[in-house]
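Since the structure comes first, as structure tokens, the remarks are kept for the end.
Fair warning: this is a prediction, and the values are worked out from it, not measured in the lab. In what follows, every chain begins at residue 1, and chains take the letters A, B, ... in the order their sequences are listed. Because only heavy atoms are used, hydrogens play no part in the values below, and waters and symmetry mates are left out as well, while side chains stay in.
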Number of protein chains: 2
Amino acid sequence: MNNLLPLPANTGPERGAEILGRIRTAFAEKGFDGSSMQDLARAAGMSVGNFYRYFPSKDAIVEAMVGYDMAEMERDFAAILESADPLTGIRAKICERLNGGCAEDGRLWAEITAAAHRKPQIARICGQMEELVAENLLTVFARLAGTSPKVVAQRYGAHARFIVMLVKAAAMRKRDAPDPDLTALILGTIETTLSEITDAARD
Amino acid sequence: MNNLLPLPANTGPERGAEILGRIRTAFAEKGFDGSSMQDLARAAGMSVGNFYRYFPSKDAIVEAMVGYDMAEMERDFAAILESADPLTGIRAKICERLNGGCAEDGRLWAEITAAAHRKPQIARICGQMEELVAENLLTVFARLAGTSPKVVAQRYGAHARFIVMLVKAAAMRKRDAPDPDLTALILGTIETTLSEITDAARD
DNA sequence: ATGGCGTGAATGAACGTTCACTCCGCGAAC
DNA sequence: GTTCGCGGAGTGAACGTTCATTCACGCCAT
């Protein structure tokens, strides 16, 4: 009668991620309430019915998407942390984001930021995401300076969150007009903040 | 037979603004696609049919709302420009925005920013809004330094846009966790940027 | 023949928008 | 002074569409 099992996403481990990747553009273009399940299913290349087998509701999609980005980010940071020069790696990642890296990410973040103001569940996972990035930044700084991560986190937590905020804000700007002067100003502020941490941590 | 005249919004000059004020909260809470015309009409205290007499479509509401904010901002700047100490006035306005000033403004901006990425019409008026604020800032700086507005605009346009971006980004953060350290960092950056302009302009 | 993957028509609610309608204040006509 | 007609303010049911979600049903490897 009722063949609906509480299976969350067991069908395939990679499958969900692949679907999210396909959906991404559609979501960025039309927004959360703007894109219908029919749209999303079509973008994922499957029928509506089957689509519901992977995501039990519309809300779940956003959560999964942020979770997906979070996992990706964690992977990136893991690679950076293992490299010889982590600070350069971070700088490169930031530059990549500022200088045109995936224009649709900005749109997506704008949508997600707006959604986070409405749905507490999304706000929560979104907060976790920013927290994770900030913590990873702090880990790099602590390792660079040889200081205890706890001390660095207490002293420079706000600096890390500031950098995250700057990158996010810069990404959310429209890409039509590149505005290199503004980008330079943002990048300069990030550099200043970075050196504020590393300089002080060196003492 | 057809009593439909092309009257856009002639019914009352202040009426539209009052309706927008009432709608504001509903819009900030549920978003553009999230709030229905029925919701908005109820928030405005009138029937759907009558509501359509003031705004011909849903899109028109957002445009009108941004226009309304723009007019308000222009009034604020006009007052600041006429005061004895414009720089202090600007600082006060910025602090007001950062330290809790109207929490729903942040939500609204998040919604509008997202909407601007979808609808070109909204992107246009939104860009005008930021441009206007930046120009007003530059006018203050030019007047303070006694320099030609054109020169100041060319040299420090990006600085003004940077400040606008910072204030906007700060306002969009969730208000649940105040994070005073981060706020201080933002405020400090704004101060630095301000003095970069005024110091250089003084020469 | 069992069970997971996949389909897409069906469903009822809710959407944006329209429209035929009521209400009321007011100046003209008587 | 009463009546009348006009037009704008206001109403809410109705319309056609689209929405999120469900479900009865194929397909195919095991």
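Annotation: side chain of A:Leu182 is not in contact with side chain of B:His159 (no heavy-atom distance under 4.5 Å). Contact annotation: the side chain of B:Leu137 approaches that of B:Phe77 to within less than 4.5 Å [non-hydrogen atoms, C-beta and beyond]. For the pair B:Trp109 and B:Asp69, the minimum side-chain heavy-atom distance is below 4.5 Å. Side-chain atoms of B:Ile23 and B:Phe51, non-hydrogen and from C-beta on, do get closer than 4.5 Å to each other. In this structure, the side chains of B:Arg161 and B:Glu130 stay at 4.5 Å or more apart for every pair of heavy atoms.
Here the P atom of nucleotide C:dG16 and the NZ atom of B:Lys30 are 10 Å apart, to the nearest Å. Distance, B:Phe51 CZ to D:dG10 C1': 14 Å, rounded to whole Å. Look at CE on A:Met46: it is 19 Å from P on D:dC27, rounded to the nearest Å.
With DNA chain D read from its 5' end, the first of the two nearest nucleotides for B:Val48 and A:Val48 is the one closest to B:Val48.
More than 12 heavy-atom neighbours from other residues, nucleotides or ligands sit within 6.0 angstrom of CD on B:Glu191.
Using a 4.0 Å cutoff on non-hydrogen atoms, the parts of residues 31-43 of chain B near DNA chain C are B:Ser35, B:Ser36, B:Met37, B:Gln38, ordered by number.
OP1 or OP2 of C:dC5 has not a single side-chain nitrogen or oxygen of A:Asn50 nearer than 4.0 Å. Side-chain N/O atoms of B:Arg15 include one lying less than 4.0 angstrom from OP1 or OP2 on D:dG10. Of the side-chain N and O atoms in A:Ser47, none sit less than 4.0 angstrom from OP1 or OP2 of C:dG8.
Picking from D:dG8, D:dT21, C:dG6 the nucleotide with the shortest atom distance to the side chain of A:Lys58 gives D:dT21. Residue A:Tyr52 places its side chain closer to D:dA20 than to any other of D:dA20, D:dG8, C:dT17.
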